[in-house]
Structure formats: C-alpha cells, structure tokens
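Since the model is a prediction, treat every value here as computed from it, not as a measurement. Chain A is the first sequence line, chain B the second, and so forth, proteins listed ahead of strands; every chain is numbered from 1.
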Amino acid sequence: MNALGRRSLLQAAPFIGPFLLLYVGLLIYPLIDGLALSFHRADPFGGRAFAGLENYARLASDPVFGQALGNTFKYAVLVVPVLTAITLALALALNKPGRTASVFRGLFFSSSVLSVTIITLIWRFVLTPDAGLLAEAWEAGGREPVPFLSQPDLALLAVAVATIWWSIGLPMMLFLAGLQQIPEDIFEAAALDRANRWTTFRRITLPSLRRTVVLVVMLQTAAQLQLFGQAQLLTAGGPGGASRPVVLFIYETAFTRWELGYASAIAQVLFVLILAVTLLQFRAGTSRREP
Amino acid sequence: MKSRALLRLAAVAILGAGVGCGPEERRTEISVQRFFGECGAVYGRSTEVAAAEGECGIVTTLINRFAADNPDLDVDANVVAWPGYAQLTAQIAAGDPPDLVTMHQSVISDYQARGLLEPMDDLLRQAGVRPEDFTAAGRRGVSKGGAVYGLPWDTVGGLYHVNTGLFAQAGLMKDGKPVVPRSAEELLEHARRFKRATGRPYLIQSQVNDPATHVRNLYTYLLAQDAVVFPDPQHIRLRTPEARRVVELFRTLEREGLTTRNQDYPAATASFLNGEGGVFLTGTWMLGPFEEEARTPGRPLHDSYAVVPYPRLWGRQAAFVDGHAWVAPKRERSPEQRRALARFIGFMAGHNFDWSRTGHLPAFRSVVESPEFQALPHRSDIAPLATAGAPLPSFVQRQAAIEGMVGEELASAITGAKTVEEALRDAERRVNDLLSRL
C-alpha cells in the first residue's frame with residue numbers, strides 16, 4: 001500500500017471502525033460461535049462437550065425436523081406467490097394520486113405495523129371454532145364450524161393466511177415505489193399505439209418491475225423460511241406438528257429441551273438453505289437481459 | 001442576580017433530593033418473579049388479601065401486602081408469561097436471575113441438577129419454616145438429594161369438575177353427589193347415557209395447544225395401574241398394555257362424540273361455564289372460579305357444581321400431581337438480602353391458607369387440617385388427592401419438554417391422525433432420544 005492509500009485508510013478508519021466493530025461483535029462472532037456450537041453438546045448455561053458431527057447426523061434421522069422442514073417450505077410456497085400477486089395488484093390499483101388512494105394505501109399498510117401477538121389474536125378471533133367470526137358465519141348457515149386451528153390439513157393454511165394479511169404492507173410499498181419509477185412517457189407511447197391495459201401491463205409494467213419482483217420474492221422467501229411467531233402463538237406448531245416451522249423447532253430444542261448444540265446445528269442448516277434459495281432466486285431473476 | 005438565585009434554588013433542590021434519597025438508599029432490594037398471570041388493572045394496588053380471588057389476584061395482593069408491611073424493603077416484582085422458564089433460563093445464562101422465582105416442582109430437578117438453585121434449608125430455618133411441617137407431597141416436590149430446594153406452596157392435580165344439573169338430567173346423581181364411573185366400561189356407559197339424555201358431550205376437554213390435558217390423564221391412569229413409566233433416568237416406557245388401555249379409552253370417547261372436540265383451554269373453560277357438557281377435566285386451579293360461578297344466580301352453573309378426584313377406572317385410586325414452589329436461583333446476595341428473602345418466605349408460608357382459596361391443596365399439614373380450610377367448599381371432596389396424588393420420580397428431568405412431546409403424540413392418537421401404537425412408539429422414541437443425551 002502506498003502512502004496515499006495508507007493516509008486514506010487512516011482517514012476512513014474513524015468512520016468505518018465503530019460500525020465494523022459492532023458488525024463483527026454482533027454478527028460475525030455470533031455466526032462463527034453458533035457454527036462452533038453446532039459441533040458440541042451444549043446447554044444454555046455454558047456447558048459444552050465436543051460431539052463432532054453427531055448433531056448433524058441426528059438431524060438427518062429426526063422425523064420431527066423433517067416434518068418441520070417440509071412445513072417451512074410449504075409456508076414459503078403458500079405465502080410468497082400469493083403475497084407477491086396480491087401486493088402487485090394492490091400497488092397497481094393504488095398507484096394514483098388523490099386522497100382515496102392514499103387512505104387505502106395507509107389502510108393496507110396498517111397491518112404491518114402491528115406486532116405478531118396482535119395479529120395472532122385477531123386471527124384467533126376469526127378462526128377459532130368456538131364463537132370465532134367464521135364459526136359464527138358457518139353456524140348461521142346451519143353448518144358445523146371448521147376447526148381451522150386443529151385440523152392437520154388446515155392449520156398450516158390458517159397460519160399462511162394470517163401471515164399474508166400481516167405482510168402485505170412492505171411489498172406493496174416496494175411495488176408502488178417501482179411503479180413510480182417507470183417513466184410516464186412509455187405509457188403515453190403505448191396509449192398512442194392503442195395498446196390495451198393487459199398489453200401495457202404485460203409489455204411495459206411487468207418488465208419494468210422485474211427487479212422489484214425479484215427483490216420482493218427474495219425478501220419474502222427469506223422471511224417465510226424464518227416464520228416463527230404466528231405459528232407459535234396461533235397453533236403452537238400443532239396439531240401433531242402439522243404447522244411447526246423450523247424456527248419453532250429450533251426454539252423448542254434450545255429453550256425447552258436445553259439442547260443448544262442441536263438447535264444450533266438446525267439453525268446452520270436453515271441458514272445454508274435460505275442462502276441457497278435466495279441466491280438461486282437472484283440468479284434466476286437477473287440472468288435474463290435487461291429490457 | 002437572577003441566575004445566581006436560580007443556581008441557589010437548584011443547589012437546594014439537589015441537596016433536598018439527596019436528603020430524601022437517604023432512607024431510600026438504605027432499603028434492601030429483592031427481586032421476585034412469578035407466573036399466574038397479570039391482573040394489575042384490578043389488583044395492582046390492592047393489599048386486601050382476603051378480598052382477592054383467583055391465582056393472579058391472590059398472589060398479586062400477597063406481594064403488595066408484603067411490600068406494604070415491609071417499607072424498609074424494595075420489592076421488585078416481575079410477572080412472566082406462563083410458565084416463564086425460557087425467560088428464567090435466559091436470565092440465569094446472563095448471570096442476572098431474580099432472587100426468588102415461582103417454579104413447578106416437576107421443573108426443579110432441571111435447574112437443581114445443573115447447580116443453578118440454592119439449597120434453601122438455611123433460608124427456611126431463618127424464616128422459621130420447618131420442612132417437617134410440609135405435606136408429604138410438598139416435601140417430596142422440593143427435596144432433592146437430601147436438601148430442600150424450595151418453599152412448596154401447593155399441590156396441584158387434575159379433577160373431575162361436574163355440572164350436577166346435567167348429571168341429574170342423565171340420572172347420574174345419587175344422594176346429592178355425582179355418580180362417577182368405577183371402570184373404563186362404566187365410564188363409556190355413563191357417557192353414552194349422558195349424551196342420550198342431554199344431547200351434550202359427557203366430557204369437556206381442552207385438546208388444542210394443551211398437551212398437559214392428555215398427559216395428566218395418561219400419567220394418572222398409569223399410576224393407578226402401578227405401571228413403571230420411567231424405569232430409569234434415561235428411559236420412558238409407553239408401549240405397554242396399560243398405556244394402550246388409557247389411550248384407547250380416550251380415543252373411543254373422541255370417536256363417539258362423547259367429548260368436546262377442537263377446543264383450546266379458553267374455549268373448553270367457556271363451554272363448561274355455559275353448561276355445554278358434563279365433566280371438565282381440568283385442574284385444582286379452576287375450583288375457585290367455578291365455585292364463584294356456582295354461587296352466582298342466573299349463571300348456567302348456579303347451584304350445579306361439584307368436584308371430585310379422577311375416578312378409579314383401573315387398579316387403585318391415583319392422581320398425577322405437581323405443585324408450585326418458590327425457589328432461589330444461585331447468585332451473590334448480601335446478608336441483608338438474605339434476611340429480606342427469609343422474611344418474604346416466612347410471609348408466603350404464613351399465608352398458605354389464602355393461597356389455598358385458589359383451589360390448590362395447601363403445602364402445610366397445619367393448613368390442610370385447619371378448620372378454616374376444611375370449611376372451604378368442596379375441599380373434603382378433593383381431599384383424597386392429597387394422599388393418592390404422586391408426581392413423577394424426582395430423577396426425571398425435562399418434564400415440561402417430555403409433556404410437550406407425549407401430549408402431542410397422544411393428541412394425534414386420540415384424534416385418529418395416528419394409530420395408538422404409532423403414537424406411543426413415536427412418543428417413546430422422542431422422549432428416549434432426549435433423555436439419552438442428558
């Protein structure tokens with residue numbers, strides 16, 4: 001490094017240093033320590049005994065982990081495409097000036113500011129088969145209420161619906177931001193060419209939003225693969241583990257069973273899976289040429 | 001001139017605050033942490049212990065009263081969401097546990113085995129509390145390896161809460177008492193008769209998000225059959241004829257619609273309060289609230305409530321019980337703090353009768369035998385719980401985690417998602433896998 005470079009580094013150090021210190025202390029070190037922990041039998045109180053690959057071998061033959069992993073991917077598949085489509089549709093509908101549109105934008109975003117506890121309480125009032133909103137409607141129609149939260153086939157769906165309702169805000173805002181970046185003159189040109197709305201959407205809007213779509217899908221996939229609070233509070237992962245996601249399994253393993261090493265091994269596997277899926281999506285979304 | 005006056009005023013204020021802080025600084029601080037819910041809106045300032053109702057009301061008022069009676073102490077009371085062990089674990093791991101904390105007696109061995117709890121023999125002695133005065137169940141619940149690790153506060157267990165109005169409709173009352181079955185076959189016969197007569201299910205059960213319900217039933221009837229559930233600290237034994245019998249019975253009740261379905265705990269409680277079934281299988285903690293309903297004219301349970309221990313269906317009369325205790329996590333404490341803790345422990349022990357108004361059985365023999373406890377409604381009916389009740393062996397660790405696993409598998413068997421054999425096999429495998437790594 002030449003003298004100029006050294007001087008620049010010295011000048012930059014006071015600005016970069018504090019962040020770098022925090023980043024290493026709060027992110028990099030725990031990441032490495034978590035990886036090390038996954039090769040140990042450990043409890044939350046500092047007890048550790050080296051166990052080699054035992055935790056990873058155990059994972060491969062643990063049916064509860066297998067079920068939780070399957071559930072996690074089901075959540076992602078159920079939530080991400082529907083959420084992307086709904087939020088894109090909302091953004092298209094609300095991408096206009098005027099008070100009505102801004103009121104609705106605020107309304108649709110409002111669920112995102114609520115905590116997961118409130119969200120699950122609201123959905124419990126809707127879904128519970130005893131005096132829940134849907135149960136009352138079902139009974140008014142002379143039908144037996146559907147036990148959304150205790151049927152193995154429906155519990156996962158119930159959590160997914162609550163998640164979609166909760167998560168609408170941010171993707172909708174990202175799409176709105178994306179829409180507002182498309183130059184108006186392209187739409188004017190399309191109108192002069194007598195392009196209908198569907199053609200305009202397919203040929204102009206959607207290609208222009210491709211980066212935003214990739215971003216929304218990547219962010220939401222990563223988020224849904226880490227789904228936790230809704231499942232814990234709405235169904236506790238039940239019935240019979242039918243709605244238990246991996247992060248809830250990690251929580252149970254670490255804090256109820258005190259198997260911190262095993263929980264850490266599960267967390268490492270989930271981390272690698274999220275990284276792989278996100279990179280695949282990024283690659284798939286950016287491999288084609290820009291319009 | 002003006003600024004100098006202001007400065008003088010500020011100096012006086014600071015000095016005044018300093019003088020005011022003097023006695024405050026001398027106050028000894030103790031932190032207590034409890035579950036049993038949050039009811040600060042109703043009982044936040046109440047010190048009238050006799051007027052308080054329910055677990056939350058009584059414990060909140062007791063702590064308020066202790067703080068009011070001991071102005072030289074600064075009592076920091078922290079309420080945690082039930083059961084609060086994840087939070088306690090994090091506090092201990094961070095080296096900042098509370099001074100005293102409520103703990104289920106079944107959980108004590110987890111923390112005690114890791115050396116995280118302080119033996120309380122000295123503190124109890126300092127408080128004037130003698131372990132010899134505990135009930136047998138209470139003493140067994142807090143004694144580990146020859147030392148006492150907590151102040152037992154009660155014995156809790158499952159009970160048969162009965163809607164006597166509906167039982168009378170079904171012809172299941174005799175001499176003003178509910179007729180309880182004496183075998184599994186008779187239970188099914190009663191349940192079918194009840195449903196024919198009332199159109200309602202015989203049993204009300206909280207089966208959603210509540211593994212404790214199924215586990216309490218299973219353990220109780222395994223104990224009744226003298227089955228060895230935990231032959232050693234590393235194994236559970238569930239693939240037995242005794243366990244199959246119990247699970248098959250509850251499966252049959254579910255299949256024939258003789259029990260409520262798809263209810264979580266609040267829904268099941270509401271069902272019983274609204275007179276929608278004959279028997280609610282829940283614990284001692286609901287005795288107080290149900291009594292209150294039975295005293296209230298116009299309510300479906302008015303004059304229609306009785307409570308008895310689980311009926312003897314196989315073998316002998318038995319009940320799986322647990323209990324609550326106050327334990328002291330290990331940490332540095334000054335002699336003043338230790339004296340303050342002893343005062344708190346003595347106070348709580350002295351108010352064991354007030355706590356027993358919740359419906360839990362007292363942890364002190366003198367309270368169990370006292371006329372005032374005997375005079376509380378239904379206490380003589382549930383007295384057999386004190387003698388017939390037994391916990392799991394004290395060497396069994398991770399009982400809360402085990403309850404979660406076994407309860408989840410039992411729910412699958414009872415609802416028919418798995419066969420009974422599959423569910424018992426999976427429960428056994430999961431628990432043994434956990435226990436083998438302790």
Side-chain angles (χ1 to χ4, degrees), chain A residues 41-47 49 51 54-55 58 61-65 67 117 120-121 124-125 127-132 135 144-155 231-244 248-249 251-262, chain B residues 81 83 85-95 107 110-111 113-116 207-211 260-264 266-271 274 276 397-405 407-418 422-423 426 429-431 433-435 437-438:
Chain A
R41 280 189 184 192
D43 68 19
F45 311 108
E54 181 191 281
N55 290 326
R58 195 176 157 200
S61 60
D62 186 342
V64 182
F65 170 70
Q67 186 190 30
T117 320
T120 48
L121 266 177
R124 181 173 283 276
F125 290 140
L127 297 171
T128 185
D130 286 272
E144 192 81 357
V146 179
F148 289 102
L149 303 176
S150 53
Q151 277 282 348
D153 306 333
L154 297 176
Q232 192 201 23
L233 296 169
L234 210 51
T235 61
S243 62
R244 178 188 284 120
L248 179 56
F249 186 50
Y251 172 81
E252 290 169 352
T253 307
F255 291 102
T256 314
R257 291 160 50 175
W258 292 3
E259 294 187 275
L260 221 55
Y262 187 42
Chain B
Y85 298 125
Q87 188 167 341
L88 178 66
T89 299
Q91 287 169 312
I92 293 176
V107 175
D110 285 355
Y111 291 89
R114 281 290 278 116
L116 303 168
Q207 303 196 67
V208 176
N209 293 356
D210 190 5
T260 54
R261 294 175 176 141
N262 301 311
Q263 290 186 322
D264 59 9
T269 307
S271 254
N274 292 324
E276 291 167 5
Q397 292 184 44
R398 308 291 186 277
Q399 289 187 32
I402 292 171
E403 179 182 283
M405 292 174 184
E408 185 176 305
E409 296 298 341
L410 290 181
S412 296
I414 289 164
T415 56
K418 284 184 182 177
E422 281 170 349
D426 289 349
R429 178 186 47 74
R430 289 174 68 182
V431 174
D433 183 46
L434 167 67
L435 293 176
R437 291 164 207 280
L438 293 178

Checking A:P239, A:P145, A:S150 against B:N262 for side chain to side chain contact (heavy atoms under 4.5 Å, CB included), the one that qualifies is A:S150

Heaviest contributor of heavy-atom pairs below 4.5 Å to chain A, chosen from B:K418, B:E408, B:R437, B:R398, is B:R437

Which atoms of [X] come close to chain B, meaning under 4.5 Å heavy atom to heavy atom: side chain ones, backbone ones, both, or neither?
{"X": "A:Y251", "value": "side chain"}
{"X": "A:R257", "value": "both"}
{"X": "A:Q151", "value": "neither"}
{"X": "A:L260", "value": "neither"}

Bottom line for B:L116: the part with an atom under 4.5 Å from chain A's heavy atoms is side chain

Bottom line for B:T89: the part with an atom under 4.5 Å from chain A's heavy atoms is both

Ranked by heavy-atom pairs below 4.5 Å to chain B, first place among A:G238, A:G241, A:A254, A:G47 goes to A:G241

Assert top hit (heavy-atom pairs under 4.5 Å, partner chain B, pool A:D43, A:T128, A:D62) equals A:D43

Looking at [X] and [Y], what are the two nearest heavy atoms and their distance?
{"X": "B:A93", "Y": "A:P44", "value": "CB-O, 3.3 Å"}
{"X": "A:P63", "Y": "B:R429", "value": "CG-NH2, 3.4 Å"}
{"X": "A:L149", "Y": "B:V208", "value": "O-CG1, 4.3 Å"}

Distance col, row A:W258:CH2 vs B:D110:CG, nearest 0.5 angstrom, shows 4.5 Å

dist B:I402:CD1 -> A:T256:OG1 (nearest 0.5 Å) comes out at 12.0 Å

Contacts of A:R58 meeting side chain to side chain donor-acceptor pair (under 3.5 Å) (sequence neighbours excluded), chain-then-number -> A:E259, B:D433

Those residues at least two apart in sequence (or on a different chain) that pass side chain to side chain donor-acceptor pair (under 3.5 Å) with B:N209 are none

Taking side chain as C-beta onward, heavy atoms only, is B:D264 less than 4.5 Å from A:R124?
-> yes

_Taking atom CZ as the centre, does A:F45 end up with more than 12 heavy-atom neighbours from other residues, nucleotides or ligands that are less than 6.0 angstrom away?_
yes

Test log, rule salt bridge (Lys or Arg N to Asp or Glu O under 4.0 Å), inputs A:E144 and B:R261: CA-CA 12 Å; A:E144 192 81 357; B:R261 294 175 176 141; over 6 Å; no

